[in-house]
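Here the structure comes first, spelled out in structure tokens, and everything after it is commentary.
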Amino acid sequence: MTATARDLVHDAVTAGVLAASDALGWGDPARAAAVEIERPAEKAHGDYAANIAMRLAKPLRRPPLEIAKAIAERVPVRDGIASVDAAPPGFINVRLDPAWLARQVEVIVSEGDRFGRNDALNGRRFQVEFVSANPTGPVTVANARGGPIGDVLANVLAFSGADVQREYYINDAGTQLDVFGRSVAVRYLELGGKTGLVIPDDGYPADYVVDLARALRDKVGGAFDDQTPEELAPQFARAALDTVIEWHKATMRKFRIAFDSFYRETALMESGYFMKTIEALREAGHIEERDGAVWLKSRELGEDIDSVLIRSTGVPTYFGVDVAYHREALVDRGLDRKIDVWGANTHGHARRMKTAMTALGLEGRWVVVLYQFVRFLHEGVLVNMARRRGQFIRLDDVIDTVGVDAARWFFLMASADRTLDFDLELAVQQSNDNPVYYVQYAHARIASIFRTAAERGLRSEGADVALLTDDAELDLVRLLLRFPELVEEVRDKHNVHLFTGYGLELAGAFHGFYKGNRVVGDDEARSKARLRLVEAVALTLRQTLGLLGVSAPESM
RNA sequence: GCCCCCGUAGCUCAGUGGAUAGAGCGCAGGCCUCCGAAGCCUGAAGCAGCGGUUCGAGUCCGCUCGGGGGUACCA
């Protein structure tokens, strides 16, 4: 893997700091200071900038500009660096060598679909667990946001060398299943002609439950018509669950998400792993039995209250089972790290989980990415979603109306920290000018340029990229070189939405370039060079869209 | 009450403690004898408020106001 341009600058500036420190006797403060490299917003300030001089001003008791000058004149000017200057109030501005930039076009094209990858996570096993929608109903837009976020995160980790497993956790146990089963049974009996039955207040009156009941009746007929909803609940819950899980799988396929495993909560009970985990916690001294229940002594680990793992009825809590689930993944399945993508409503749960991981000595190996909710608007008015009553927007419907690309893009364009507003009517109306098409159009346009070139017998192979000397050309290269840096940032910070912003920026830069610069023209050598350049742009757009799970069309 | 996330242009959203805060949609205007006008160019328009830290704050801290979520022997 090639070092990023940022790494190159970082190393050079660090060498300059050390050289200046040795020459001027600055000592430890200078040697220990971390060199931060950023990209100036203003082009006049060069390609990269370091603020180290301003950070050293106080400890060294010298004017920042003086420090900057001392460092700047000692930064080795080689390996792609053209110049290093000090600028008020104390920035060190680094400019890349145009000839080196031009050569990167050839490097990028030769890397092909390896461009942007890194090996930071080589040999490490990751699991990303996401969506994991409740199996008592279809996947709604509420669960949907975790899909693209988790999927793209998994893509980026794999892009960084990790062995990544995408997992879907199925909560196929608990009291809600009982209630669900009873609701299905009521509908089943009603379809058989029985009257006077009621769906309980905490039940599921939604229409899809009728669909489930009808499917059951199609399969078994009236064989259970003489039983009560209570008697039928357990087996009906199980049967309906299997159907709903198939719905979920189909929805995920439609959303272009390929899970490696679907893990059932009940497996932890059946295997005895749940009790094994309780014993592990007990041995570590974190368990207390009180009022007939088994508690995790969270307070001793900094929480306000303790948490119940097993109720006084002997039934494990959701939290307790989830702790076992996490331990099983990290300890028994040999994963180095588990990343959960959860909705904001679980933040209390996430906090308790963190405590439990600490109790098990697994802290640091589990990370949660919380995403804020999607608010639903109907004709501009806020709508409360209620799954049980069937008042919700199905993810399937959204995908069917706006398309997978636009749907994924929508969920990926905003930071996970931010509440998203979603208006289906607006989404439909805007699907034709969705920003995703702006990016895809850039890719299709380049494909079209290649078709034109082919008609004229022009190929990009053998191009002399040294002919790329214009600012317009080199600015594109600068933007391409940001891609590997972005991959590293997303890998470390999990802020996957940055890829949509990058895609828009690169597409915009290309569209502007295209307008002002002819690629296939009269000058054959220059045409070949520019063809090579836009080939690198198309490749980078493909890499970006590929990570986002969005298609990169040749024409549209 | 306490805890978490958010408040940036009319709307939907970007923005790593840096040097003149961006995009899409919408709005006003301009650009196709020339590789795709799903495009390009120009313009109007913005950091909720108050204090603090810092050489430097949309970004960090505190408070106020506003929105969302949590706070169970629910999941």
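Residue numbering restarts at 1 for every chain, and letters A, B, ... go by the order of the sequence lines.
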Applying a 4.0 Å non-hydrogen cut-off, can you work out what Ala49(A) is touching in the nucleic acid: base, sugar-phosphate, or nothing? base
Ignoring hydrogens, what is the shortest heavy-atom contact between Glu535(A) and Ser460(A)? Give both atom names and the distance. OE1-OG, 2.6 Å
Ring centres under 6.0 Å, that's the criterion: do Tyr263(A) and Tyr325(A) meet it? yes
Which of residues 485-502 of chain A sit near RNA chain B, with a heavy atom under 4.0 Å from it? His497(A), Leu498(A)
Please report the distance separating the C1' of G17(B) from the corresponding atom of C55(B), rounded so that it comes out in whole Å. 12 Å
Answer yes or no: does atom CD of Glu524(A) have more than 12 heavy-atom neighbours from other residues, nucleotides or ligands under 6.0 Å? no
When the C1' atoms of C74(B) and G22(B) are compared, how many Å lie between them, rounded to an integer? 44 Å
With Asn171(A), which residues qualify under side-chain contact (heavy atoms from CB on, under 4.5 Å), at least two apart? Pro135(A), Tyr169(A), Gln176(A), Glu265(A), Tyr318(A)
The correct set of residues in residues 50-58 of chain A placing a heavy atom under 4.0 Å from RNA chain B is Asn51(A), Met54(A), Lys58(A)
Answer with base, sugar-phosphate or nothing: what part of the nucleic acid does Leu420(A) contact at a heavy-atom distance below 4.0 Å? sugar-phosphate
G49(B) versus G7(B) - spacing of their C1' atoms, nearest Å: 12 Å
Shorter than 3.5 Å, N or O on both sides, protein versus nucleotides 35-42 of chain B: list them out with atom names.
residue	atom	partner	partner atom	Å
C35(B)	O4'	Arg518(A)	NH2	3.0
C35(B)	O2'	Thr452(A)	OG1	2.6
C35(B)	O2	Val520(A)	N	2.9
C35(B)	N3	Val519(A)	N	2.9
C35(B)	N4	Tyr514(A)	O	2.8
C35(B)	N4	Asn517(A)	O	2.7
G36(B)	OP1	Ser448(A)	OG	2.4
G36(B)	OP2	Ser448(A)	OG	3.2
G36(B)	O2'	Tyr441(A)	OH	2.5
G36(B)	O2'	Arg445(A)	NE	2.8
G36(B)	N7	Ser448(A)	OG	3.0
G36(B)	O6	Met556(A)	N	3.4
G36(B)	N1	Met556(A)	O	3.2
G36(B)	N2	Met556(A)	O	3.2
A37(B)	OP2	Arg445(A)	NH2	2.4
A38(B)	N6	Met556(A)	O	3.4
G39(B)	O2'	Arg445(A)	NH1	2.9
G39(B)	O2'	Arg445(A)	NH2	3.4
G39(B)	N2	Lys515(A)	NZ	3.2
C40(B)	OP1	Tyr438(A)	OH	2.5

Mind checking the C1' distance from C27(B) to C32(B)? Whole angstroms is fine. 24 Å
Backbone N or O of Pro553(A) within a donor-acceptor pair of the Ser551(A) side chain at under 3.5 Å? no
Hits for side chain to side chain donor-acceptor pair (under 3.5 Å) against Tyr208(A), two or more places apart or cross-chain, chain-then-number order -> none
Sorted by chain and number, sequence neighbours left out, side chain to side chain donor-acceptor pair (under 3.5 Å) with Ser132(A) holds for Glu129(A)
With syn defined as a glycosidic angle within 90° of 0 and anti as the rest, where does C32(B) land? syn
Paired stretches of RNA chain B - 3 or more consecutive Watson-Crick or G-U pairs, each distance under 3.5 Å: B:1-7 with B:65-71, B:10-13 with B:22-25, B:27-31 with B:39-43, B:48-52 with B:60-64
Please indicate whether Lys69(A) has more than 12 foreign heavy atoms, meaning atoms of other residues, nucleotides or ligands, lying under 6.0 Å from its NZ. no
Heavy-atom check, side chain of Phe510(A) versus side chain of Leu541(A), under 4.5 Å: no
Write down the protein N/O and nucleotide N/O pairs, taken from nucleotides 66-68 of chain B, whose separation is under 3.5 Å; answer none if there are no such pairs.
residue	atom	partner	partner atom	Å
G67(B)	O2'	Arg375(A)	NH1	3.4

Starting at CG of Asp522(A) and ending at P of C34(B), how long is that distance when rounded to a whole Å? 15 Å
Taken to the nearest whole Å, CD/Glu38(A) to P/G15(B) is 16 Å
Using side chain to side chain donor-acceptor pair (under 3.5 Å) as the criterion, list what pairs up with Asp47(A), not counting sequence neighbours. Arg478(A)
Whole-Å distance separating the CZ atom of Arg39(A) from the C1' atom of G17(B): 18 Å
Review item, nucleotides 72-75 of chain B N/O atoms under 3.5 Å of protein N/O:
residue	atom	partner	partner atom	Å
C73(B)	O3'	Arg311(A)	NE	3.4
C73(B)	O2	Ser312(A)	N	2.7
C73(B)	O2	Ser312(A)	OG	3.0
C73(B)	N3	Ser312(A)	OG	3.1
C73(B)	N4	Asp291(A)	O	3.1
C74(B)	OP2	Arg311(A)	NE	2.1
C74(B)	OP2	Arg311(A)	NH2	2.9
C74(B)	O3'	Arg311(A)	NH2	3.0
A75(B)	OP1	Arg311(A)	NH2	2.5
A75(B)	OP2	Arg311(A)	NH2	2.8
A75(B)	OP2	Tyr318(A)	N	3.2
A75(B)	O3'	Gln176(A)	NE2	3.3
A75(B)	O2'	Asn134(A)	ND2	3.3
A75(B)	N6	Arg352(A)	NH2	3.3

Take atom C1' in G58(B) and the same atom in A9(B), then report the distance between them in whole Å. 14 Å
Less than 4.5 Å apart, side chain to side chain, heavy atoms only: is that true for Leu309(A) and Trp295(A)? no
Nearest-angstrom distance, P atom, U59(B) to C50(B): 13 Å
When the C1' atoms of C3(B) and G18(B) are compared, how many Å lie between them, rounded to an integer? 33 Å
Close side-chain approach of Val368(A) and Leu370(A), heavy atoms under 4.5 Å: yes
May I ask you to decide whether Arg530(A) forms a salt bridge with Asp523(A), counting only side-chain N to carboxylate O separations under 4.0 Å? no
Any heavy-atom pair between the side chains of Arg375(A) and Leu420(A) that's under 4.5 Å? no
Separation of atom CG in Asp304(A) from atom P in G1(B), rounded to whole Å: 17 Å
Distance between P atoms of G15(B) and A48(B) (Å, rounded): 15 Å
Applying side-chain contact (heavy atoms from CB on, under 4.5 Å), can you list everything that pairs with Glu488(A), at least two apart in sequence or on another chain? Thr4(A), Asp7(A), Asn118(A), Arg491(A)
Could you tell me how far apart Leu504(A) (CG) and G15(B) (C1') are, to the nearest whole angstrom? 13 Å
Over 60° means perpendicular and under 30° means parallel, so classify the ring planes of Trp366(A) and His326(A), tilted if in between. perpendicular
Residue Arg451(A) excluded, over 12 heavy atoms near CZ under 6.0 Å: yes
Which salt bridge (charged side-chain N to carboxylate O under 4.0 Å, His left out) pairs, counting each pair once, include a residue from residues 504-519 of chain A, with sequence neighbours left out? Arg482(A)-Glu505(A)
Can you give me the closest heavy-atom contact between Asn495(A) and Val490(A), atom names plus distance? OD1-CA, 3.3 Å
